[in-house]
Amino acid sequence: MGIFIDEAKKLFTLQTNKSTYQMKIGKLGNLLHLYYGAKIANEDLSYLLFDGESHFAPYPHGTTNRTGSLDILPQEFPSCGTGDFRSLGFDVENSDGTHIADLKFKSYEFLKGKYKLESLPTFYATSDDTVESIKITLIDEISGVEVRLYYAVFEEKDIITRAVRVKNTGKEKVTINKLQSVVLDIPQGDFELLHFHGRWAMERQKEFLSIRHGMISFGSNYGVSGNRQNPGFIIMNSKTTENHGECYGFNLVYSGNFTATAEQASLGQTRITLGLGDSSFAWVLKQNEIFEAPEAVMTFSNQGLTKVSQNFHDLIRENLYKGEYVGKSRPVLINNWEATYFDFTGKKLISLAESAKEIGADLLVMDDGWFGNRNDDNRALGDWFVNEKKLGMPLSELSMKINGLGLKFGIWIEPEMISEDSDLYRSHPEWALKFPKRKPLLGRNQLVLDLSKKEVRDYIFKLLIDIFDSVNLEYVKWDMNRPISDWYSNGLASVNQGELQHRYILGLYDLMEKLTKRYPSVLFEGCASGGARFDLGMLAFQPQIWSSDNTDPINRLNIQQGTSYLYPISTMGSHVSISPNHQNGRTTPFDTRINVAMSGTFGYELDVEKLSDTEKKLAKRATEKYKKYQNLIFEGDYYRLETLSNLTAWQIVSKNRKKSLVTIVATELVGNPPFNYIRLHGLDADATYESNGKTYKGDSLMNAGIRLAQSQGDYPSEQIYLKRLN
Ligand code: DGJ
């Protein structure tokens, strides 16, 4: 049992194997938050609540005894107009222009298994999970605004998911201006925020910020979850490390704008919020209409950051994506982008496939440039017609020839976009998002299609399936190369324009749902200028995402390690490219590029024909090795290892602790280097492990560690494979 209700004490206690979450209906009917942390019994923790006088803070509606201010009490879903001045979960404008929702407990209901949302992707329970859900309904009796809070408890995985539905049961329409999926009040603590910021080609860089009096607010207004901030983040005690201490992880199953806040209030209380982006958001809800906010996910660990990451990894690997690639090995890709950019023909792709076959690749991806008049990135998006003249052959012939070589065939698309210089724009300029009477803002010389319109989605769907059906397609790379800026849809009334950001994402999910359902065995890989949309919403449809346009292995260390705090490495598109690197000009050894790319969905992004014979041999061996280890890499427990600052190292351990792969990369070399020991994790202490003919005891490897050789040369790296002997 994961959810316990004590009706007499008005208590809701959610129990996972290692954490407890408790809520209580307060004296006045407000839903208060009592606890989230290490597992404790179902004891009533309401003694923790402050019941003294609240100074310079109004007390609740209808009370006069100076206590119980909602500005001070920990709440589950704080809303506007109730005297809580901290960051709120809910802001609604009533028909009389007031912003108040005085939400009081109405009812609760157990739901069988895992709750679902109708319009948005959510995590699901497998037959191996013990999952229970509950719906708690709150209502403002005067306006009739009803808020339904959903919680699901994944017991074994130490995960709690949350979602919110708002129903207007009143007669007058209301407008939702803010709706957060997570509000978490913690009564005290000087927390650090670990968030992941970035930019194009340097995504998900980790940064620690101290949460002190005042508010840290971050999010995305880019129309996509974005490369500037990721919706996933962690809060931790300042002494928490990778393997010790308390921390909480949060993320959102959503691909559009989001808002997150981390606030320390006047009495030292910490409040965390996460949900839909609230900048320019305004959703009109008429009588009996329901609005759904995206699902959020939370986990707690008192064993450090690694455990938070591993909890997320297990859940994302097993409970999000529904397609055929769950638990299935993925093909090793050869992508022609960095090999040719726009300058290719069908013949060139075939010879690339031939040489890629020699190094063991499984699938050729034909990237951007195969359609319409697309010979550079200024035109033709929307004209999804094969450019047979450029290819020199029909697409079916090209794909058959690739298949004939023993390789699968995949294709690049950017279906959300439209170029001004395209036949589609010339015939349907009204399908692009742009403000009336103004010139649109261009990004990469392209505009964004209005996916809130069904006719637009239907049109694109039809064009794409015509192409997909004409070949034996086994992979699709779904790109998206500009943020969304001109938020105006000529399909919506002016009063509804504030809904467009979310309607766009609903349209995107609708299109992806239709395509992934129609092609269940096709592997879809997400991409948005690299990793500008690396989020759980996309991962519900696409099990892997091209992590970054930056393929330099040294920059990739931070990008991929940053990503690993929130997402499993089985989701990270990661390819070996040429040196000097195209993005930063750095020269790195071939095996370092290989070793880094192996911690992800492995592939090549280079012209194999230009590799030396030695490199070809190395590549062939690397592909074989990756195929041998893929299961371990995808399903094992992932550890970021603590090392000296000039090294990055990580370790993957199979769930049964029989196998482990350690990767170490030197990022800076110094003369007369200090000794360097790394301690491993997750092994069987009593077992003996073998690597390269040497044997080690598990407890020695984990406690004494191993001494690394003093490395020489530029950016050397090493991989150690350990196998349990007994
Ligand atoms: C951005 C992607 O990240 C690249 O890999 C490539 O597909 C280009 N777009 C193509 O335009």
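Just follow the structure's listing: the first ligand is 1, and inside any ligand the first atom is 1. Throughout, numbering of the chain's residues begins at 1 and tracks the sequence.
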Backbone, side chain, both or neither: what part of [X] comes under 4.0 angstrom of ligand 1, heavy atoms only?
X	answer
Asn335	neither
Ser529	backbone
Arg444	side chain

Seminar exercise, completed: Exactly one of Phe218, Phe250, Phe233, Phe208 clears ring-ring contact (aromatic ring centres under 6.0 Å, His included) with His195, and that residue is Phe218
With [X] as the cation and [Y] as the aromatic partner, state whether NZ or CZ is under 6.0 Å from the six-membered ring centre and within 45° of the axis.
X	Y	value
Arg330	Phe602	no
Lys348	Phe344	no
Arg204	Tyr567	no

Around [atom], find the nearest protein heavy atom and jot down its residue, atom name and distance.
atom	answer
atom 9 (N) of ligand 1	Asp479 OD2, 2.6 Å
atom 6 (C) of ligand 1	Asp367 OD1, 3.4 Å
atom 5 (O) of ligand 1	Lys477 NZ, 2.7 Å
atom 3 (O) of ligand 1	Asp549 OD1, 2.3 Å

Which ligand 1 atoms, with their elements, are less than 4.0 angstrom from a heavy-atom of [X]?
X	value
Trp546	3 (O), 5 (O)
Gly530	3 (O)
Cys527	2 (C), 3 (O)
Asp368	10 (C), 11 (O)

Is the shortest side-chain N to carboxylate O distance from [X] to [Y] below 4.0 Å?
X	Y	result
Lys408	Asp362	no
Lys462	Asp458	no
Asp383	Arg374	no

Exercise. Can you find an N/O atom of Glu605 closer than 3.5 Å to an N/O atom of ligand 1?
Worked result: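 N/O-N/O distance below 3.5 Å does not exist for this pair.
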Problem set entry | Euclidean distance, Lys620 NZ relative to Lys625 NZ, rounded to 0.5 Å | 15.0 Å
